[in-house]
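To find a chain, count down the sequence lines: A is the first, B the second, and so on, and within it residues start at 1. Treat the numbers as computed from the prediction; the structure is a model and nothing was measured.
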Amino acid sequence: MEGSQCLPILQHKATLTKLVKDNVFLVVTGETGSGKTTQLPQYLYEAGLWKGGIIGITQPRRVAAITVAQRVSQEMHFTLGKEVGYQVRFDDCTSQATVVKYMTDGCLLREILADPGLSQYSVVILDEAHERSLNTDILLGLLKKTLLQADKGSKDGSVRLRVVVMSATLETDKLSTFLGHCPVFTIPGRTFPVTSRFGNAIGPKEVDSSRYVNEVVRVALEVHVSEVAGDILVFLTGQSEIEKACDMLYEKAESIDYRYDVQDQTVEGLLILPLYGSMPTDQQRQIFQAPPSGIRKCVVATNIAATSLTINGIKYIVDSGFVKQLNHNSRVGMDILEVVPISKSEAQQRAGRAGRTSAGKCFRIYSNEFWEKCMLDYTVPEIQRASLTSVVLTLKCLGVHDVIRFPYLDHPEERLLLEALKQLYQFDAIDRRGQVTQLGRLIMEFPLHPGLTRALLKAAAYGCEDILLPLAAMLSVENIFIRPGTAKQKEADKKQRNMAAQSGGMNDFATLLSVFQWCKASDSPSAWCKENWIHWRALKSAFSIETQLREILLRLQQVKDFPVETFAGNKSELFRRCLCTGYFTNVARRSIGKIFSTMDGHGTAVHVHPSSSLFDQEAELDWVIFHDMMVTSRVYLRTVCPIRYDWVKDLLPKLHEVDAYELSNIAREEVNEEELAKLESKEAKRQKDTAKKLEKRNDETSVGDARARYLQRKLERQHKL
DNA sequence: GAGCACTGC
């Protein structure tokens, strides 16, 4: 490990310290390896800034916050958790003595909710701002808003809180302009040159996955037989592609005569290693081991290798040019995971992975034309492509009433904000004036999706929170069911079907709950998971989340007046009724055959996913609720359970009443009372009409869903062909 | 009849 004595930042110590002291906002840029993350906080500590409050540094990722804090505490000869500490979810390693604090951006956002002025801090450093994480973007806007206001108000000219934004050298002018034309300081980087070359396999017209998988395999092997020693990193988009590419590499590498010389260096063989997020952690660790001498390592990875994990010894990059990206489509109210071309800045980031220890080479399989025509300069920031429901509630809770005119570094489409407002209104988290309700404040306390929190709170009122707490935890972690490629797939599927049947069947929510309970009750939870094809890592985090949710609920029950309700029916019904209060936005009704139609106003034609315990049982179903929709070959509902129309009857009109008045008005500062009254009376009428219509629809035996019929005809035609 | 990248509270 290199000492901090030779870092390029060192010679700028005095200038940097002075700049921070003299300015409310400062932008610091520098490539990886400049030492800004570890050194700047130390300089500010030495300059005595900690006397005015904590020096806080945010990171977009947990591991980064923890490892950097460890390193800095060592460099400063402090015990971790004393003067230097870190805080991430489930792990608070700070104390009264902590003055240099590394944390995730999400943690700081939570702190702002409790203390909007961040009175404990003297400096806040937002690191990795170029990554444009949702939380960092919100923090940027909030700090700009509060500090510029405070600045105007303070008469003595003294500055209490300073903000430093650290970013890679991209878009620094934009940041500076955003922060009132604040100074920008650039630290020279210390990376090695990487030469990039384009290929010709992917042009503007090709987007076929088998094409780029074949091509990266071909190029990786070409690198292997023609380039000097050094490891290869291949970027693809997901698990199945990676497994396919690895299989092809094994096969083809075997047919190569291993002993050949490349410019007088003997490279004997190729060690092929897959790398993706859902891989077990111990398997991931293998990636970091140096290969045996004379063997070249080839890591085939997802974007996880672009920022989250750094592999030493990489000299060659093979870039497919694609990434899987989760985009929220506000037109249909759906999240869609799609393969898209990476941006130019992302391509440079990938290439940079080859220049960390020596000069490197990057082989892009796409053409120059593809680069010019298909790739954006920068990746669209998360705030412009994510669902903003939680973000808007956060802002409202912080007193930002006008979320449309909030200072965003990049403004999200108004439609996205309106959709979020609409959802919050549907959940009764905000009222028709756009003010946060009491329920809204409760919802904010939980690190969960608002609908899920609403269901949990309902359950707490009925005294059955013991069912909803584990379920909420299970629904907030990644997919827990393992589905191996080919060989053992049937065995895994069978286990999972058995588990669904044992938990009562016909209810995917109940299956999740059972898995949680069975695993918790077993003597060896990790062994139980292995036996039942369950991701132990995911279940472990569900356990932690459940504990955290339980603590929050208990705390709130002690201070707030919780409503208490009673219910006479059976337990399964109560469970599903509670779910309905949070999932009434996710209701679908079977229209014809196996086709369902969503009740959210879009009327999307959807199918039950084959992994569901309700699959092939559609004939018995009428109304269902679901946790999420997924778009692949069809639009699928996943995690589904049957409900009765009665349970959602009173809730459904709420889905339509938002059309009754201009939502954009409730987002803005001024509310015209007269207008509002007019709209409200109109709305009451519409609400009645909608309720009637729904009632009528429910009575009809054959549903006149034109869209579903059209799809059915289309499918029939396809089958004939 | 199955196609989930990566983060975070």
Side-chain angles (χ1 to χ4, degrees), chain A residues 58-65 87-92 103-114 128 131-139 209-210 235-244 275-279 301-309 320 322-327 335-340 342 346 379 382 385-386 390-391 393-394 443-450 453 473 476-486 489-490 492-493 496-497 535 538 541 544-545 548-549 552 594 607-612 615-616 618 628-634 636-638:
Chain A
T58 69
Q59 294 290 324
R61 280 172 295 280
R62 291 166 56 95
V63 266
Q87 190 185 349
V88 297
R89 188 183 188 182
F90 305 127
D91 192 0
D92 183 359
M103 63 217 285
T104 49
D105 48 13
C107 270
L108 188 65
L109 202 51
R110 283 270 149 187
E111 269 189 49
I112 287 195
L113 274 164
E128 312 285 8
E131 286 189 26
R132 305 298 307 277
S133 82
L134 193 50
N135 288 334
T136 297
D137 266 18
I138 295 297
L139 285 169
S209 97
S210 68
F235 281 105
L236 281 172
T237 75
Q239 178 177 348
S240 65
E241 275 174 14
I242 287 171
E243 281 168 356
K244 212 161 91 190
L275 173 65
Y276 46 84
S278 61
M279 236 166 66
T302 60
N303 235 18
I304 195 169
T307 47
S308 307
L309 296 175
S320 67
F322 289 95
V323 69
K324 241 174 219 167
Q325 197 174 66
L326 188 72
N327 292 318
D335 282 344
I336 302 174
L337 190 69
E338 51 191 344
V339 173
V340 296
I342 56 171
E346 214 173 336
T379 307
E382 210 182 343
R385 48 182 180 85
S390 296
V391 167
L393 185 58
T394 308
I443 287 174
M444 195 64 238
E445 299 278 341
F446 292 86
L448 286 175
H449 177 80
T453 311
S476 17
V477 298
E478 54 193 300
N479 184 19
I480 58 152
F481 298 107
I482 298 171
R483 195 147 196 273
T486 59
Q489 204 172 76
K490 277 190 178 157
D493 287 356
Q496 282 156 22
R497 269 199 298 275
H535 276 294
S541 73
S544 316
I545 293 171
Q548 189 191 29
L549 296 177
I552 296 170
K594 292 187 168 192
H607 287 78
V608 174
H609 193 272
S611 65
S612 166
F615 182 75
D616 262 348
E618 286 91 340
D628 66 348
M629 268 193 286
M630 186 174 65
V631 187
T632 51
S633 51
R634 283 174 169 170
Y636 284 111
L637 306 181
R638 293 185 315 172

Practice prompt. Would you classify A:Leu337 as touching base, sugar-phosphate or nothing, given that sugar-phosphate means primed atoms plus P, OP1 and OP2, and contacts are heavy atoms under 4.0 Å?
Written response: base
Discussion item. In this structure, how many angstroms lie between the P atom of B:dT7 and the CG atom of A:Asp335, rounded?
Written reply: 17 Å
Worksheet entry | Euclidean distance, A:Leu134 CG relative to A:Arg385 CZ, rounded to 0.5 Å | 9.5 Å
Response to the item:
Checking B:dA5, B:dG8, B:dC4 against the side chain of A:Arg62 (C-beta onward), the nearest is B:dG8
Discussion item. Looking only at the side chain of A:Arg638 (C-beta and beyond, no hydrogens), which of the listed nucleotides B:dG3, B:dC4, B:dC6 gets closest?
Written reply: B:dC4
Discussion item. Can you see whether A:Glu243 engages A:Tyr276 through a side-chain donor-acceptor pair at a distance of less than 3.5 angstrom?
Written reply: yes
Fill in: A:Pro610 side chain, from C-beta outward: closest of B:dA5, B:dC9, B:dA2
B:dA2
Item to complete: Establish, with yes or no, whether the OP1 or OP2 oxygen of B:dA5 is under 4.0 angstrom from a side-chain nitrogen or oxygen of A:Thr302.
Response: no
Item to complete: Give the intermediate values and the outcome of side-chain contact (heavy atoms from CB on, under 4.5 Å) for residues A:Asp335 and A:Met629.
Response: CA-CA 8 Å; A:Asp335 282 344; A:Met629 268 193 286; over 6 Å; no
Worksheet item: How close or far is atom P of B:dA5 from atom CG of A:Leu275, stated in whole angstroms?
Response: 12 Å
Response to the item:
Winner on side-chain proximity to A:Ser308, out of B:dA5, B:dC4, B:dT7, is B:dT7
Fill in: Nearest-nucleotide pick for A:Val88, side chain only, options being B:dG3, B:dT7, B:dC9
B:dC9
Fill in: Protein-nucleotide distance (A:Asp616, atom CG; B:dG1, atom C1'), rounded to Å
8 Å
Practice prompt. Tell me what A:Thr632 touches on the nucleic acid: a base, only sugar-phosphate, or nothing, going by heavy atoms under 4.0 Å.
Written response: sugar-phosphate
Discussion item. Are A:Thr104 and A:Arg89 packed together at the side-chain level, in the sense that at least one heavy-atom pair is separated by less than 4.5 angstrom?
Written reply: no
Discussion item. I need the CD-C1' distance between A:Glu478 and B:dC9, as an integer number of Å.
Written reply: 16 Å
Worksheet item: Roughly, in whole Å, what's the span from CD in A:Glu128 to C1' in B:dC6?
Response: 15 Å
Worksheet entry | Contact summary for A:Gly277 and A:Ile304, nearest pair of heavy atoms | CA-CD1, 3.8 Å
Worksheet, complete the sentence: From the candidates B:dA5, B:dG8, B:dA2, the one with an atom nearest any side-chain atom of A:Asp493 is B:dA2
Practice prompt. Between B:dG3, B:dA2, B:dC9, spot the one nearest the side chain of A:Arg89, thanks.
Written response: B:dC9
Fill in: Nearest-Å distance for atom pair CD/C1', residues A:Glu131 and B:dT7
9 Å
Item to complete: Check every strand shown and say whether A:Thr104 touches a base, only sugar-phosphate, or nothing at a heavy-atom separation below 4.0 Å.
Response: sugar-phosphate
Worksheet item: Does the side chain of A:Val323 reach to within under 4.5 Å of the side chain of A:Phe235, using non-hydrogen atoms?
Response: no
Fill in: Minimum-distance nucleotide to A:Tyr276 side chain [options: B:dC4, B:dC6, B:dA2]
B:dC6
Worksheet item: Out of B:dA5, B:dA2, B:dG1, which nucleotide sits closest to the side chain of A:Ser633?
Response: B:dA2
Response to the item:
Separation of B:dG1 atom C1' from A:His607 atom NE2, nearest Å, is 11 Å
Response to the item:
A:Asn479 CG to B:dG3 P, in whole Å, measures 11 Å
Practice prompt. Tell me what A:Tyr636 touches on the nucleic acid: a base, only sugar-phosphate, or nothing, going by heavy atoms under 4.0 Å.
Written response: sugar-phosphate
